Novice: 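Submitted below is the structure of interest, expressed as C-alpha cells.
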Amino acid sequence: MAGTQAMIFALDDTDHSFYALEWTLDHFFVTDSVFKLVIVHVKTTPTSVIGLAGPGTTDVLMLVETDIKKTAQRVCEKAKQLCSAKGVTDVEFDVVEGDARNVLCDAVDKHHASVLVMGSHGYGAFKRAVLGSVSDYCSHHARCSVMIVKKPKTKN
C-alpha cells in the first residue's frame, strides 16, 4: 500500500515483550493497518555474556554464540506464530547483535519508522537506575514516537 508507515516492534524473550506484541497486534492490526510491521530482536554479543575473553574461552564463546542463535530463532518463531494466529502475515524480522539502545534507534532510521513499540519490564526505580532503561533511552533518542506497552499488574 502506498504511504505505508513502518512500525518497529522491539522483541525480546520476556513475557512482557510477548504481551506487548499481542496487544499491538490486537490494537493496530485487526483490520487493514497503515503500518508495515518490522519486528527487531536484539541478540547479545557472546563476549558480553561471559565477560572478558582469555585462554580457553574460544570453546565457551562458540557454545554461548550457539545458544544466543537458538534463543533468537525460538523467539522469532514464537512471534511469527503469534502474528500468524492474529492474521498478520506481512511481517519483517530483523535479528541484530549489539546494544539494544543503539540497535533500536538505528532500526528506526533504517526503516524510516513513525513509531517504535516495546514492552515495559516493570523494573522499579533502583533496578532501572542500575541497569538503565532501553525504553527511556529510546524515548529520548529515537527519531519517532515511542510507545511503551505495560502489562497489567496481576491481583493476588
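Just so it is clear, the model here is predicted, and its values are computed rather than measured.
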Novice: Partners of K43 by salt bridge (Lys or Arg N to Asp or Glu O under 4.0 Å), sequence neighbours excluded?
Specialist: E65
Novice: Per the side-chain hydrogen bond (donor to acceptor under 3.5 Å, both in side chains) rule, what does the pair list look like for residues 85-94, sequence neighbours excluded?
Specialist: E22-K86, D26-K86, K36-D90, D94-K110, D94-H111
Novice: Restricting to side chain to side chain donor-acceptor pair (under 3.5 Å), what partner residues turn up for S114, sequence neighbours left out?
Specialist: Q5
Novice: Only counting residues at least two apart or in another chain, list the ones meeting side chain to side chain donor-acceptor pair (under 3.5 Å) with D15.
Specialist: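 For D15, no residue satisfies side chain to side chain donor-acceptor pair (under 3.5 Å) once neighbours in sequence are set aside.
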Novice: Report the residues that fulfil ring-ring contact (aromatic ring centres under 6.0 Å, His included) with Y137, sequence neighbours left out, ordered by chain and then residue number.
Specialist: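 Residues passing ring-ring contact (aromatic ring centres under 6.0 Å, His included) with Y137: H141.
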Novice: Is there a side chain to side chain contact (heavy atoms under 4.5 Å, CB included) between F18 and K78? Walk through the geometry before answering.
Specialist: CA-CA 9 Å; F18 280 96; K78 186 175 172 184; 3.6 Å; yes
Novice: Identify every side-chain donor-acceptor pair in residues 68-76 under 3.5 Å, counting partners at least two apart or on other chains, and give the distances.
Specialist:
from, atom 1, to, atom 2, distance (Å)
T71, OG1, D67, O, 3.0

Novice: I'd like to check the side chain to side chain donor-acceptor pair (under 3.5 Å) partners of T24; sequence neighbours left out, ordered by chain and number.
Specialist: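 T24: no side chain to side chain donor-acceptor pair (under 3.5 Å) contacts found.
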Novice: If the condition is side chain to side chain contact (heavy atoms under 4.5 Å, CB included), which residues does C144 pass it with, not counting sequence neighbours?
Specialist: V108, L116, A142
Novice: Taking the inter-plane angle between the rings of F35 and F28 on a 0 to 90° scale, is it parallel (under 30°), tilted (30 to 60°) or perpendicular (over 60°)?
Specialist: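 F35 and F28: perpendicular rings.
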Novice: I need the minimum non-hydrogen distance between A20 and G119, along with the two atoms involved.
Specialist: CB-CA, 3.6 Å
Novice: Quick one: side chain to side chain donor-acceptor pair (under 3.5 Å) partners of K80, sequence neighbours excluded?
Specialist: none
Novice: Would you say Y19 and M7 are hydrophobically clustered, going by side-chain heavy atoms of ILVMFWY under 4.5 Å?
Specialist: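 In one cluster: yes.
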Novice: Applying salt bridge (Lys or Arg N to Asp or Glu O under 4.0 Å), name anything that partners D109, two or more places apart in sequence or on another chain.
Specialist: R143
